[in-house]
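Written below as structure tokens is the structure these notes are about.
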Amino acid sequence: MDYASKFKVKPNSKVELGKIDANYKGEDEDKDSAQVTIAKYAQRLRDLQYLMYAENKRSLLIILQGMDAAGKDGLVNHVISAMNPQGCRVFGFKTPSVREQAHDYLWRIHYAAPRKGFVTIFNRSHYEDVLVVRVHSLVHKEVWSRRFDEINAFESLLAHSGTHILKFYLHIDKEEQLARFKQRLDDPNRHWKISESDYKEREYWNDYQKAFEDAISKCSTDYAPWFIIPSNRKWFRNIAVSQILVDTLESLDMKFPAPTVKIAEIRQKYHSALRQEEKQR
Ligand code: AMP
Ligand code: MG
């Protein structure tokens, strides 16, 4: 199954999250066989990221959004564990600081965008500025509604600068969110994750879904597509996202750079060094 084409949102298409099955788990997958596939993708991802780092020509930006407890942290952990930390960065975006608020909303985002050769993951992003900001009327409608065009222009700038952008909406339903809140409550090691606002924000579920539908519909473009990933099952979420990452990176046709030295000459140097070494023994 080609998950990239299955879950990619066509530009300007109508998005109705209520009609998308968050429980979907593929046609030929189950939890056990998935572990084998996931391990295979993880190895591929590692090789491709190494190639991107070596090539040093372009970058990959992975944007994760979703309701609270949708699994953004879990996915970061999954993707990042397959990569060499040297060429990889993660940025989590929280309520803007006083310093960040003194700038335009894209300032902190642009700063975090990947340099050539790097993979960067955004755990939340500039989309919060058309989600939480819209739901809680933190700015006027005229201000947030302009942002869809601004975001498209910004992402287009990044794309023109060699950044490949993939955006994932981790789709869980309301029952699954409550089940995950309960798991947090039952596990003392996860109590730190619980916040007062979890239950407050849950009351705005429908407003958030509407805001997500608009953002995904207006900002899914050919150069920065949105994917809606059924995420009630964590293993399926991991498999779908890993496959899309691997397929995208493979399609880039990356090449190791040509050596900066003449390998034949260096080989001769190696052999004479080896002979010296042997003589001295
Ligand atoms: P968490 O991801 O659970 O650590 O929570 C981060 C919090 O920061 C969430 O409640 C977000 O809605 C909030 N947040 C992130 N970006 C913004 C933003 N631009 N404006 C307001 N709140 C934000
Ligand atoms: Mg949270």
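What you see is a predicted model, and the numbers here were worked out from it, not measured in a lab. Order of appearance sets the numbers: ligands from 1, and atoms from 1 within every ligand.
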Proximal ligand 1 atoms for [X], defined as those under 4.0 Å from one of its heavy atoms:
X      : answer
Asp129 : 19 (N)
Val133 : 20 (N)
Phe93  : 15 (C), 16 (N)

Query raised in the report: Passes side chain to side chain contact (heavy atoms under 4.5 Å, CB included), Phe227 versus Tyr169? Steps please.
Result: CA-CA 6 Å; Phe227 298 88; Tyr169 172 70; over 6 Å; no

Requested in this report: Please work out which of Arg108, Arg124, His136, Lys72 has its closest non-hydrogen atom nearest to atom 16 (N) of ligand 1.
Outcome: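 Considering heavy atoms of Arg108, Arg124, His136, Lys72, the nearest to atom 16 (N) of ligand 1 sits in Arg108.
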
Query raised in the report: Which one of Pro96, Ala69, Gly92 has a non-hydrogen atom at the shortest distance from atom 18 (C) of ligand 1?
Result: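 Result: the heavy atom closest to atom 18 (C) of ligand 1 is in Pro96.
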
**Report entry** For ligand 1, the portion of Leu131 having any non-hydrogen atom under 4.0 Å away
**Finding:**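 No part of Leu131 is near ligand 1 at this cut-off.
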
Query raised in the report: Applying a 4.0 Å heavy-atom criterion (strictly less than), which segment of Thr95 is in contact with ligand 1: side chain, backbone, both, or neither?
Result: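 The part of Thr95 near ligand 1 is both the backbone and the side chain.
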
Query raised in the report: Any chance the rings of Tyr105 and His126 have centres within less than 6.0 Å?
Result: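 No, the ring centres sit 6.0 Å or more apart.
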
Query raised in the report: Could Asp129 and Arg134 be called an ion pair, given the rule that one side-chain N must be under 4.0 Å from one carboxylate O?
Result: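 Not counted as a salt bridge, because no side-chain N and carboxylate O are separated by less than 4.0 Å.
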
Query raised in the report: By salt bridge (Lys or Arg N to Asp or Glu O under 4.0 Å), which residues pair with Lys255, not counting sequence neighbours?
Result: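 Only Asp253 meet the salt bridge (Lys or Arg N to Asp or Glu O under 4.0 Å) criterion with Lys255.
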
**Report entry** His136 and Tyr204: CA distance, side-chain angles, deciding distance, ring pair (Phe, Tyr, Trp, His ring centres under 6.0 Å) verdict
**Finding:** CA-CA 9 Å; His136 292 295; Tyr204 293 93; 4.6 Å; yes

Query - Side-chain hydrophobic cluster, 4.5 Å single linkage: members besides Ile194 - result: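 Hydrophobic cluster check, Ile194: joined to Leu185.
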
